> 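Here you go, one structure.
Computed from a prediction, not measured in an experiment: that's the story for all the values here. Numbers restart at 1 for each chain; the letters A, B, ... are given by sequence-line order, proteins then strands.
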Number of protein chains: 2
Amino acid sequence: MKNSPLYKGSLTTIIMKLLEENGRMYGYEITQKVKKTTNGELNITEGALYPALHKLEAEGLLDVEVAKVDNRMRKYYKLTESGKKETVNRLEELEEFIRNMQTLVNPKTNPDLQF
Amino acid sequence: MKNSPLYKGSLTTIIMKLLEENGRMYGYEITQKVKKTTNGELNITEGALYPALHKLEAEGLLDVEVAKVDNRMRKYYKLTESGKKETVNRLEELEEFIRNMQTLVNPKTNPDLQF
DNA sequence: TTATTATGCATAAGAAAATTATGTATATAT
DNA sequence: ATATATACATAATTTTCTTATGCATAATAA
């Protein structure tokens, strides 16, 4: 599947929300979780995911913990305190974004509910 | 206002939907319409808008018509037949995108309505 | 009257965030 | 043996934007 350009800019919000929900996850796990949740409609590529994780870590929003499971490396990520606060902001931005898009694209629908 | 990264990739969809709704519009008019509709929360910059309009035109999705009003130039854009068809696709993609984001971020909420 | 704001277009340089294409390595299924 | 799944990583390129300019006319404020 080719992801729509609309997903551009949404990756870090998705990552942070999943970590908020699940405590800790590793990269490959995130890609599988997203694929399953969206019924295969959104596929996060490694070329997007790993640089994004590294950047969030560099910004102090994520912590890493390396583990070896079945002789294979895993890097578990979790939100830092700072990351937890930032997650709240990102989710608010997402809600505002969705409200605005719905207003622009569907001006007759009542634009509330959902959150 | 600084637009959230979430808006990346949504500009052409916004433009095409506004043109579908209003028949024809010129660039500056689009920026004002979006600003007003979103209560100032989304500001389309010229550096993003004009290249986007030129690209949509080059792709055959928009037609241009130059006019002079009050001694000032305006370039009115409208959807071509091809553009009208593509608008339907873009709006479907937007709906799918919003559904997927809501499912990812708010897994407990019933993800329908709104469209 | 002069400066600022609003209207209206345009493009160039740079940044951000992705895609696409590789690369390494282990485990499992055919 | 070969392909698929798991698990990480990065480099080159593309897409899409921001920021900074530039030009020009009209209206408004100082």
> Could you tell me how far apart A:Ile44 (CD1) and C:dA17 (P) are, to the nearest whole angstrom?
15 Å

> Can you check whether A:Tyr26 has a side-chain N or O nearer than 4.0 Å to OP1 or OP2 of D:dA7?
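Looking at the OP1 and OP2 atoms of D:dA7, one of them is under 4.0 Å from a side-chain N or O of A:Tyr26.
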
> Please work out if A:Gly9 contacts a base, only the sugar-phosphate, or nothing of the nucleic acid, heavy-atom cut-off 4.0 Å.
sugar-phosphate

> Atom CG of B:Leu11 to atom C1' of D:dC17: distance rounded to whole Å?
9 Å

> Do A:Met16 and A:Glu86 make a side-chain contact, defined as non-hydrogen atoms from C-beta onward lying under 4.5 Å apart?
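They are in side-chain contact.
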
> Under the side chain to side chain contact (heavy atoms under 4.5 Å, CB included) test against B:Lys78, which residue among B:Asn22, B:Asp63, B:Leu62 passes?
B:Asp63

> Between A:Pro5 and A:Gly27, which has a closest nucleotide on DNA chain D that is more 5'?
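Residue closer to the 5' terminus by nearest nucleotide: A:Gly27.
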
> Under 4.0 angstrom, heavy atoms only, what part of the nucleic acid is B:Glu29 near: base, sugar-phosphate, or nothing?
nothing

> Nearest-Å distance, CG (A:Asn71) to P (C:dT28)?
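About 10 Å, once rounded to whole Å.
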
> When we call it a touch if two heavy atoms are under 4.0 Å apart, what does A:Arg74 touch: a base, just sugar-phosphate, or nothing?
sugar-phosphate

> Quick check for you: among C:dG8, D:dT10, D:dT18, whose closest atom lies nearest to any side-chain atom of B:Asn3?
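Among the listed nucleotides, the one closest to the side chain of B:Asn3 is D:dT18.
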
> Going by side chain to side chain contact (heavy atoms under 4.5 Å, CB included), B:Val34 matches just one of B:Leu18, B:Asn43, B:Leu49. Which one?
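For B:Val34, the side chain to side chain contact (heavy atoms under 4.5 Å, CB included) test succeeds with only one of B:Leu18, B:Asn43, B:Leu49, which is B:Leu18.
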
> Quick one: A:Glu46 CD to C:dT20 C1', roughly how many Å, whole number?
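In whole Å, C:dT20 C1' and A:Glu46 CD are 11 Å from each other.
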
> Strictly below 4.0 Å: does B:Tyr50 bring a side-chain N or O up to OP1 or OP2 of C:dC9?
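Indeed, a polar side-chain atom of B:Tyr50 lies that close.
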
> Between the side chain of A:Glu29 and the main-chain N/O of A:Tyr26, is any donor-acceptor distance below 3.5 Å?
yes

> Walk me through it: do B:Tyr7 and A:Asn100 pass the test side-chain hydrogen bond (donor to acceptor under 3.5 Å, both in side chains)?
CA-CA 10 Å; B:Tyr7 290 95; A:Asn100 281 333; 3.0 Å; yes

> OP1, OP2 of D:dT25 versus side-chain N and O of B:Arg72: anything below 4.0 Å?
no

> Given atom CZ of B:Phe97 and atom C1' of C:dA18, what is their separation to the nearest angstrom?
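The distance from CZ of B:Phe97 to C1' of C:dA18 comes to 14 Å, rounded to the nearest Å.
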
> Hey, does B:Ile44 have a side-chain heavy atom less than 4.5 Å from the side chain of B:Asn3?
no

> Please determine whether a side-chain nitrogen or oxygen atom of A:His54 lies at a distance below 4.0 Å from atom OP1 or OP2 of D:dC8.
no

> Just how far, in rounded Å, is P of C:dA17 from CG of A:Leu49?
15 Å

> Indicate, with a heavy-atom threshold strictly under 4.0 Å, whether B:Ser10 touches base, sugar-phosphate, or nothing.
sugar-phosphate

> Quick one: A:Lys68 NZ to D:dC8 P, roughly how many Å, whole number?
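Atom-to-atom, A:Lys68 to D:dC8, this comes out as 13 Å.
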
> Of B:Tyr77 and B:Gln32, whose nearest nucleotide on DNA chain C comes first from the 5' end?
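The residue mapped nearer the 5' terminus is B:Gln32.
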
> Which residue lies toward the 5' end of DNA chain C, B:Tyr76 or B:Lys8, if each is placed at its nearest nucleotide?
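The 5'-side residue here is B:Tyr76.
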
> How is A:Lys55 classified with respect to the nucleic acid when contacts are heavy atoms under 4.0 Å: base, sugar-phosphate, or nothing?
sugar-phosphate

> Using atom CD1 of B:Ile30 as one end and atom P of C:dA10 as the other, report the distance to the nearest whole Å.
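Result: 11 Å.
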
